[in-house]
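What you see below is based on every heavy atom in this structure, not just the backbone, and it leaves out hydrogens, waters and symmetry mates. Remember, predicted model here, so these are calculated numbers, not experimental data.
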Amino acid sequence: MAKIAPRAEDLLDWYDQHARTLPWRVPPLSNARPDPYRIWLSEVMLQQTTVAAVKEYFARFTALWPSVDDLAAAPDDRVMGEWAGLGYYARARNLLKCARVVSADHGGIFPDTEEGLQKLPGIGPYTAAAIAAIAFDRPAVVMDGNVERVMARLHDIHTPLPAAKPELKEQAAALTPDTRPGDYAQAVMDLGATICTPRSPACGICPWRDPCAARAAGTAPELPRKTPKKAKPTRRGIAYLARTADGHWLLEKRPDKGLLGGMLGWPGSPWADADPQEDPPLDADWHDVGEEALHTFTHFHLRLGLRVAQIGHSTDVIPTLYRRDTDAEFRLLSPGDFRPSDLPTIMRKAFDLGHGKLETLRDTRP
DNA sequence: AAATCGTGGCA
DNA sequence: TTGCCAAGATT
């Protein structure tokens with residue numbers, strides 16, 4: 001029985017009828033070109049992040065900063081605060097760097113080639129190809145998790161990831177068309193997101209069901225294979241939430257490098273595998289919150305012990321803040337300046353738990 | 001080049 | 001409950 005070769009045209013026909021409506025997307029067959037700024041912003045937000053999580057952030061960012069020049073002019077703290085909760089905060093730092101390079105060095109115009117795009121901060125092989133294809137309709141080979149999965153199944157490739165990447169890219173390159181490459185790139189990703197899903201793929205309604213080798217072999221649900229991941233260790237630490245008599249909160253701006261880099265957080269001990277050590281940022285009547293903030297990062301679990309204290313007036317606290325030997329900068333934020341939504345999730349969890357304890361202290365010990 | 005870097009949803 | 005997963009980049 002002769003093997004049927006998959007055709008890009010069949011996928012495009014499916015896409016014309018089934019393309020999802022997305023805030024950053026121009027519908028197929030509309031003869032409109034998308035705004036490269038919005039494509040870039042959406043692609044950076046979508047790195048390792050679900051469409052559902054991105055939507056509200058994309059709406060807020062484009063409302064606050066409609067153009068790359070607007071974003072380039074924004075203060076760092078505002079952008080980091082708006083990114084809070086979305087994760088992978090290096091993306092936000094590189095987003096700003098990239099906006100400022102495009103604004104200052106390229107007149108606010110994004111490069112229209114893969115090579116030019118990939119020179120910019122935060123734009124790697126995938127994002128450069130995606131912007132080149134979607135925004136400029138160039139026949140770039142767009143490789144993301146969806147494309148890897150679709151290619152592995154289409155050709156019944158059992159080599160585990162990431163070793164299979166070169167082979168999967170060869171197959172993807174052979175299929176990428178010269179006509180409508182932007183729609184094709186989005187079509188493969190839509191296929192992966194809605195039909196050729198990681199679990200329980202809907203092979204029966206797939207536009208590529210006939211040429212799919214894994215469907216014929218019955219192996220689609222178990223592809224692509226992946227090399228096993230390491231178990232996550234559990235680390236522990238202690239965070240200190242201090243509020244001044246006039247309602248200021250004592251936070252720190254974490255150093256730009258490393259975990260939660262550039263974000264606001266509560267002062268505290270290092271996070272280590274051993275039992276946590278007390279390490280308060282200043283002398284105060286610290287109270288144990290009695291409940292830990294639990295959180296799981298990419299490569300470890302965290303149990304964060306919490307201490308809270310009422311401290312003196314903000315104008316009296318400031319001189320004591322320079323005793324600590326750390327890369328982070330202390331910040332005393334007034335009630336008007338402190339927004340819990342500016343915090344990364346673990347720090348917001350700590351606030352939610354510690355805030356209530358502080359209210360209890362005030363009520364029971366006037 | 002293996003490790004690092006978030007978060008929320010889902011089975 | 002735990003592990004897996006999502007339009008990856010950086011070092």
Item to check | Span that lies between the C1' atom of C:dC4 and that of B:dG6, in whole angstrom | outcome: 15 Å

Checklist entry - Expressed in whole Å, how much space separates the P atoms belonging to C:dA7 and B:dA3? => result 24 Å

Any base atoms under 4.0 Å from [X], or only sugar-phosphate, or nothing? Heavy atoms, all strands.
X: A:T127; value: sugar-phosphate
X: A:T49; value: base
X: A:R149; value: sugar-phosphate
X: A:K230; value: sugar-phosphate
X: A:W83; value: nothing
X: A:I123; value: sugar-phosphate

Item to check | With sequence neighbours excluded, residues passing salt bridge (Lys or Arg N to Asp or Glu O under 4.0 Å) with A:D76 | outcome: A:R100

Item to check | With sequence neighbours excluded, residues passing side chain to side chain contact (heavy atoms under 4.5 Å, CB included) with A:D337 | outcome: A:L333, A:S334

Checklist entry - Using a heavy-atom distance cut-off of less than 4.0 Å, which residues of residues 165-200 of chain A contact DNA chain C? => result A:M189, A:P198

Checklist entry - Okay, side chain of A:R209, backbone of A:R215: is any donor-acceptor separation there less than 3.5 Å? => result no

Checklist entry - Which of parallel (below 30°), tilted (30 to 60°) and perpendicular (above 60°) describes A:F297 and A:F300? => result tilted

Checklist entry - Hey, what's the ring geometry for A:W249 with A:H355, parallel, tilted or perpendicular (30° and 60° as the breaks)? => result tilted

